[in-house]
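The block underneath contains the structure these notes are about, expressed in structure tokens.
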Amino acid sequence: MENTRKPDTLVFFGSFDPPHCGHAALLRAAAQRIRPARILLIPAYLAPFKTSHSAPAADRLDMLRCGLLPLLPKRWRRIAKIDTRELSSRRRVYTVETLKKIQAQHPDWILHCIVGSDSAKAWPRWRAPQRLAQLARWWTAARPGASLRRIPRNFSLIRRPMPDISSTDIRADLAAGLDASRRLHPSSSSLIAKKGLYGTDLLLGIKRGLKPRRFAHTLAVRALAEALAKRWGEDIRRASLAALLHDCGLMIAEKDLAAYARKHRLPVPSLAHIIRRQPRLLHAWVGADLARRRFGCRDKAVLDAVRRHTLGAPRMSRLDLLLYVADTVSLDRDHPQAAHLRRRAFQDLDAAFAACLSAKLSDALQRHAWLHPISLRLWNRLHAPRS
Ligand SMILES: [Fe+2]
Ligand SMILES: [Fe+2]
């Protein structure tokens, strides 16, 4: 039962987009320090520094209920309540407004507000900071690697080690198809997956659109592309996204690829030859176009990598090379050189790319297949003796 004689009230404002283990750790540490009689979690309908939230308010509220409260020890969970006044207002509400209302309703309460260190650093930009400082005592804690230099003087610091978790990183990871489950309560993870929040609809969309074997290949390419990105200092999320999208062109039946390329006027070199000799090659161009139109990818580097993953290009970025190699020697590939080239890719990416190109061309020659001029030009550039 709530101890009504004790006035200390811990208030946690946030977007909770999504709520995660870092929120729970901060709340737990603050509660242990302050020993409040009650805890109020106040999710924002629209946080003052944001123009929109990624997940709808109702889903953020559900995740707070089923994904944050269960992360708290029973002792704090018993006295924690989700206060939906800001959500119900369906508008941007400034913290000072809410605190004034709480104070008017409960003049005997001593309010303690807890915020993450990033929000604390933005204190000068908060509305009415002086009034806020009068209304409540302010607390924060630092995440690993986060500097404490710009934390305002009116904040008290909770000196407890905090996990390095942020909603921003979680959203970015989920959008890139990376696993964020260790930073979330399982109920939040399943709600996110079920509703396709934070771009997880991309993974579902790819899964639904591809045949099971092609989807398994996509996941294998993604795993290798992420590992190679880590090895070569490339953006892991970008590599992951490019890998996830790389074969989305195969959602279009092979017989329809040419019609798609013509309809959308895709700039495919030697289009007529490809259509006659190897229409399946079109999936790279069609894939880049689908990635933009259907899956909303606006990252030019990712779209280029998707477009170049089968034939390469005269000039290739490291992301292009990485995806080309990951696609050629992913774990599901069983050609004789795959394992060797996979290892090689971690030692020398350029050499692995040249070897992958060579393996692909040898295979095509053995099958008496048509060779695209782009592949031939690449071969000549990589293997012609230097003058
Ligand atoms: Fe492909
Ligand atoms: Fe592929």
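The figures that follow rest on heavy atoms only: side chains count, while hydrogens, waters and symmetry mates do not. In listed order, ligands and their atoms are each counted from 1.
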Quiz item: Does Arg237 pair with Asp235 as a salt bridge, N-O distance under 4.0 Å?
Solution: no
Practice problem: Taking the Fe ion (ligand 1) as the reference point, name the nearest N/O/S atom of Asp247. | Solution: OD1
Quiz item: Are His309 and His283 linked by a side-chain donor-acceptor pair shorter than 3.5 Å?
Solution: yes
Quiz item: Does a donor on one side chain and an acceptor on the other come within less than 3.5 Å for Arg333 and Thr328?
Solution: no
Quiz item: Is the distance between the Fe ion (ligand 1) and the nearest N/O/S atom of His309 smaller than 2.8 Å?
Solution: yes
Quiz item: Taking both backbone and side chain into account, is any N, O or S atom of His217 nearer than 2.8 Å to the Fe ion (ligand 2)?
Solution: yes
Quiz item: Does Arg276 make a cation-pi contact with Trp370 (under 6.0 Å, within 45 degrees of the axis)?
Solution: no
Quiz item: Closest to the Fe ion (ligand 2), which N/O/S atom of Asp327 is it?
Solution: OD1
